[in-house]
Structures are given as C-alpha cells and as structure tokens.
Amino acid sequence: LAEYSNATINVEDIAQENNTTQGYFEVSVIIGGTYDQIAIGITSNPNYPWNEFAGYKENSIAYHGDDGKCYLRGECICYGPRFGSYDVIGCGVTRYGDVYFTLNGLLLPLVNVELTSKVFPLISLRGKYSTIRVNFGPNFVFQHESFLNCPNPIRELTFSKHVLQELLFNTVFVERFSKKLEV
C-alpha cells in the first residue's frame, strides 16, 4: 500500500516497485470532501502531463468523485455515483481492452474502450487535504479475477439500422410497451 496526498501520481513507478503486473488496482479515499476533486483511471501515455487532470487528455479515461462522471479522452459521460471519504474505488481492464470501475466492491458499468496498448494507472487529486491509499493487491475489496475474462455484452449486441427503426417507429410496439409499464 502507498499513501499520497494532493498530487497527480505516476502509479506505474509504484507498481514496478511492488512487482505488480495485475490489470486492476484500488484506491481508498482517506480524506476527500464534496469540494475535492479525485479522479481514478488509466492512460496509455507513459508521459501523461502532471498538470492535467486524469481523463481530460487524449489516451486517458478516469472516474471522477466530485461529479460521478467518467471522462474518456476529454469527453464527459454520465456514469455513476459520486465518491469521497471512506470509499474504495477500483479500476481495471478486461482482456478485451474494456475498462471497468468499482465502488466499494460493487461493479459499475463497463466502458467499451477496446484498449490495445500498454496502460498505466492514473490518479489525480485536487483539494487541500485530499488523501488516498493505493492498493496493487493481491487482496482487494472487489474480486476482479473472475471478471477479467468476461466479454462485454454491449459490444456483442448489434442491431441493424432497419431493426432499430422498426423498434423506434412501430406504434404497435410502443403501445404494447406503454401498457406493460402502466400495469
């Protein structure tokens, strides 16, 4: 375990020191209030700028605690709940290159990124007393080993344009669906 306060952290250096080659890590937020910004994610850029927040630049993705949003290559995605003090956030990559996050041991939605290059953990903190603890294993709150080989059902589910148009514009379908919701 390593503990840090108020800095962007190049976690790759720590992972190498700990001889960790796992595709998952967890961050415990010791102190992180409503106005503090904490972002946990990964980047494929080994020289990610120290002065840029995680997820704001190309080749990065991060889950932000202040607003619960996920930032992928600078684009904002509504994602999950906010997090702060006493929460444990995990970040991992499946063998298919998709990124996932966990919050207090619970799996959050899978993000279809399809990474193909080497990735580096990325953590950013902005707040006067923000403090975290980084865990590279082997004991995690989330049991990630069983999740690494799971396929992404979103990527494997494909609809043709014709099928989607039928679903969206078929009034019989809409009426039946609406009646089911009323019951």
Side-chain angles (χ1 to χ4, degrees), residues 1-4 7-29 32 37-50 52-83 87-125 132-158:
L1 290 179
E3 193 167 314
Y4 298 92
T8 299
I9 300 157
N10 183 351
V11 185
E12 177 201 7
D13 296 337
I14 302 148
Q16 287 177 350
E17 289 172 18
N18 293 332
N19 251 347
T20 304
T21 57
Q22 300 178 29
Y24 181 78
F25 68 100
E26 288 183 339
V27 175
S28 298
V29 180
Q37 291 181 307
I38 300 173
I40 290 121
I42 57 173
T43 180
S44 59
N45 179 359
N47 299 311
Y48 194 88
W50 289 93
E52 292 292 339
F53 220 64
Y56 286 174
K57 298 295 268 183
E58 197 65 31
N59 303 317
S60 69
I61 180 172
Y63 177 30
H64 288 229
D66 60 314
D67 57 11
K69 295 180 180 171
C70 183
Y71 289 81
L72 173 61
R73 301 177 190 108
E75 297 291 322
C76 178
I77 303 167
C78 291
Y79 186 68
R82 296 168 54 181
F83 61 84
D87 285 324
V88 178
I89 299 84
C91 179
V93 180
T94 69
R95 72 179 183 147
Y96 299 99
D98 297 316
V99 176
Y100 63 97
F101 296 94
T102 63
L103 178 61
N104 299 323
L106 299 174
L107 182 64
L108 296 174
L110 194 64
V111 182
N112 187 13
V113 181
E114 298 181 13
L115 297 168
T116 56
S117 60
K118 187 175 179 181
V119 295
F120 308 93
L122 184 65
I123 303 167
S124 295
L125 306 173
I132 61 166
R133 180 172 293 128
V134 183
N135 179 5
F136 290 99
N139 300 316
F140 295 113
V141 174
F142 177 70
Q143 301 305 312
H144 75 101
E145 296 88 358
S146 60
F147 186 70
L148 290 176
N149 293 321
C150 289
N152 183 347
I154 295 169
R155 184 175 345 119
E156 309 216 350
L157 178 66
T158 57

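Worth knowing before you read on, the calculation uses all heavy atoms, side chains too, and leaves out hydrogens, waters and symmetry mates.
Nearest heavy-atom pair across D67 and K69 is OD1-N, 3.0 Å. Looking at every heavy atom in both residues, G55 comes nearest to Y48 through N-OH, 3.5 Å.
Checked against side chain to side chain donor-acceptor pair (under 3.5 Å), N104 has the following partners two or more places apart in sequence or in another chain: D87. Taking T102 as the reference, Y24 meet the side chain to side chain donor-acceptor pair (under 3.5 Å) condition, with sequence neighbours excluded. Residues passing the side chain to side chain contact (heavy atoms under 4.5 Å, CB included) test with P81 are Y63, L103, L108, sequence neighbours excluded.
Taking 4.5 Å as the limit, every side-chain heavy atom of L122 sits out of range of all side-chain heavy atoms of E52. Using a 4.5 Å heavy-atom cutoff, the side chains of I38 and I40 are in contact. In this structure the side chain of I42 reaches within 4.5 angstrom of the side chain of C91, judged on heavy atoms.
Note: R73 CZ to S60 OG = 8.5 Å, rounded to the nearest 0.5 Å. Expressed to the nearest 0.5 Å, how far CZ of F53 lies from CG of L125 amounts to 7.0 Å.
Y71 contributes no side-chain N or O that, together with a main-chain N or O of K57, makes up a donor-acceptor pair within less than 3.5 Å. Between the side chain of T43 and the backbone N or O of N59, at least one donor-acceptor pair lies under 3.5 Å. For R82 (side chain) and D66 (main-chain N/O), a donor-acceptor pair under 3.5 Å exists by modelled atom type. Counting only distance, with no hydrogens or angles, the side chain of E26 and the backbone of V88 share no donor-acceptor pair below 3.5 Å. Proximity of a side-chain donor or acceptor of S124 to a complementary backbone N or O of A39 within less than 3.5 Å is not detected.
Taking the six-membered ring where the residue is Trp, the centroids of Y79 and F101 are separated by under 6.0 Å.
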